[in-house]
Amino acid sequence: MEPVSEEKPPGAPPAGTKSALAFFAVLLGLFPLALLAQWASPVLGLAATQLFAFLLPALVATAGSNLRLVPYLRLGRVRPALVALGALAGTAAYLLAGAIMTFTQRLLPRPWVQAYDLTRLFEGPAWERLSLAAIAALLAPVCEELTFRGYLQTTLSLRRRPAGAIATAAVLFAALHLDPVRFPALVVLGAVFGWLTWRAGSIWPAVAAHAANNGLAAGLLLVLGATDSGEAPAAAVATTLAAGGGALA
């Protein structure tokens with residue numbers, strides 16, 4: 001089965017890899033401000049990060065190059081079945097990425113793992129936890145996929161083969177999170193989201209996969225809370241890794 005769309009995006013495209021890396025440098029420059037905003041207010045800061053550090057730069061970069069937003073950013077319509085398939089892929093990828101992150105935590109120094117523990121964000125009042133979960137599951141997938149799979153992967157694909165564009169966008173996606181604990185898992189997730197975008201010719205299956213992954217993570221934190229359940233047995237982690245990889249395949 002061939003990808004749904006292999007056509008080059010219309011307009012006067014930017015210069016491939018150089019433009020993609022320049023765009024990534026802009027995102028990286030904006031990220032310290034985003035982190036400062038999140039420190040001041042977790043809810044408003046996270047929302048501002050998605051809107052102004054991810055979504056807005058992608059829209060400005062595309063419009064500034066006189067490109068049509070919908071085709072270049074892969075925002076066109078897609079069959080509902082592909083969106084549903086994306087959500088299923090995101091669920092399987094959640095298991096796979098979770099197992100990978102657990103293995104990474106075993107390899108890294110304990111202070112690192114504690115320093116990058118995002119579960120602490122869900123230690124606040126109920127309204128704050130619910131707001132963070134909603135932003136993570138609804139707003140973040142749209143903004144981040146439009147930025148990384150929409151603009152970055154599309155721009156990279158102008159000069160690279162699909163595998164190279166998907167892999168590069170996935171690494172940049174993981175790197176911008178500035179989190180060594182989650183980095184390997186985020187590379188895998190980014191590759192899954194990129195593959196879905198390439199095969200569908202649209203970011204919407206990837207948005208569904210991203211939303212499923214984030215929604216499961218946030219939902220479990222809301223239900224279970226930010227508690228330390230101890231180190232999972234190696235056999236359980238390996239089983240989860242195999243189950244997630246098998247379901248994804």
Side-chain angles (χ1 to χ4, degrees), residues 20-21 23-58 90 93-109 111-122 132-153 156 165-197 203 206-207 209-218 220-221 226:
L21 294 179
F23 176 74
F24 179 76
V26 171
L27 298 182
L28 198 60
L30 291 172
F31 215 65
L33 296 175
L35 293 177
L36 184 62
Q38 292 180 37
W39 177 80
S41 171
V43 173
L44 294 179
L46 183 58
T49 298
Q50 297 300 325
L51 294 173
F52 298 109
F54 290 137
L55 179 63
L56 185 60
Y94 170 79
L95 296 175
L96 180 61
I100 292 172
M101 191 175 72
T102 301
F103 276 123
T104 305
Q105 289 173 333
R106 292 170 181 265
L107 297 175
L108 292 176
W112 286 28
V113 175
Q114 293 174 340
Y116 290 94
D117 183 8
L118 297 183
T119 63
R120 291 177 297 179
L121 292 172
F122 285 79
L132 288 172
I135 293 171
L138 301 175
L139 181 62
V142 175
C143 295
E144 293 181 15
E145 290 311 305
L146 189 146
T147 298
F148 288 96
R149 258 57 65 179
Y151 184 85
L152 266 175
Q153 186 171 306
L156 288 165
I166 292 169
T168 304
V171 170
L172 294 177
F173 168 70
L176 195 60
H177 284 77
L178 305 178
D179 187 337
V181 177
R182 294 193 298 152
F183 181 83
L186 287 170
V187 170
V188 171
L189 288 173
V192 172
F193 302 155
W195 184 85
L196 287 167
T197 298
I203 67 167
V207 169
H210 200 149
N213 175 81
N214 287 14
L216 284 169
L220 286 175
L221 281 173

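Note that the coordinates shown come from a computational prediction; the quantities given were computed from them, not determined experimentally.
Of all heavy-atom pairs between P184 and V181, the closest is CD-O, 4.0 Å. The nearest pair of heavy atoms linking R149 to I203 is C-CG2, 4.2 Å. Of all non-hydrogen atoms in A191 and A170, the two that sit nearest each other are N-CB, 3.5 Å. The two residues P180 and L108 make their nearest non-hydrogen contact at O-CD1, 3.8 Å. Of all non-hydrogen atoms in Y116 and L178, the two that sit nearest each other are CE2-O, 3.2 Å. Nearest approach of A185 to I100, heavy atoms of both residues: N-CG2, 3.9 Å.
Taking CG of L121 as the start and CD of Q38 as the end, the distance is 7.5 Å to the nearest 0.5 Å. Distance check: L36 CG to S41 OG gives 11.5 Å after rounding to the nearest 0.5 Å. In this structure, OG1 in T168 is found 8.0 Å from CG in L21, a value given to the nearest 0.5 Å. Taken from OG1 in T104 to CZ in R182, the straight-line distance is 11.5 Å, to the nearest 0.5 Å. A distance of 9.5 Å separates CG of L30 from CZ of F54, quoted to the nearest 0.5 Å. From L172, atom CG reaches atom CG of L156 across 7.0 Å, with rounding to the nearest 0.5 Å.
Using bins of under 30°, 30° to 60° and over 60° for the plane-to-plane angle, the ring pair F173/F148 lands in the perpendicular bin.
For the side-chain contact (heavy atoms from CB on, under 4.5 Å) test with L139, the passing option among L51, L46, T49 is L51; the others fail.
Of the possible donor and acceptor atoms, one in the side chain of R120 sits under 3.5 Å from a partner among the backbone N and O of D117. Checked by atom type and distance alone, the side chain of T197 pairs as donor or acceptor with a backbone atom of F193 at under 3.5 Å. Panel note: side chain Q105, backbone V113; no donor-acceptor pair is recorded below 3.5 Å.
More than 12 heavy-atom neighbours from other residues, nucleotides or ligands sit within 6.0 angstrom of CZ on F183.
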Between Y151 and L146, does a side-chain contact (heavy atoms from CB on, under 4.5 Å) hold up when you go through it step by step?
CA-CA 6 Å; Y151 184 85; L146 189 146; 5.9 Å; no
Worked verdict on F23 versus L152 for side-chain contact (heavy atoms from CB on, under 4.5 Å):
CA-CA 8 Å; F23 176 74; L152 266 175; 3.8 Å; yes
Could you walk me through whether E144 and H177 pass the side-chain contact (heavy atoms from CB on, under 4.5 Å) test, one step at a time?
CA-CA 11 Å; E144 293 181 15; H177 284 77; 4.0 Å; yes
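Residues W39 and L35 form no side-chain contact, since every pair of their non-hydrogen atoms from C-beta on lies 4.5 Å or further apart. Side-chain atoms of P57 and T147, non-hydrogen and from C-beta on, never get closer than 4.5 Å to each other.
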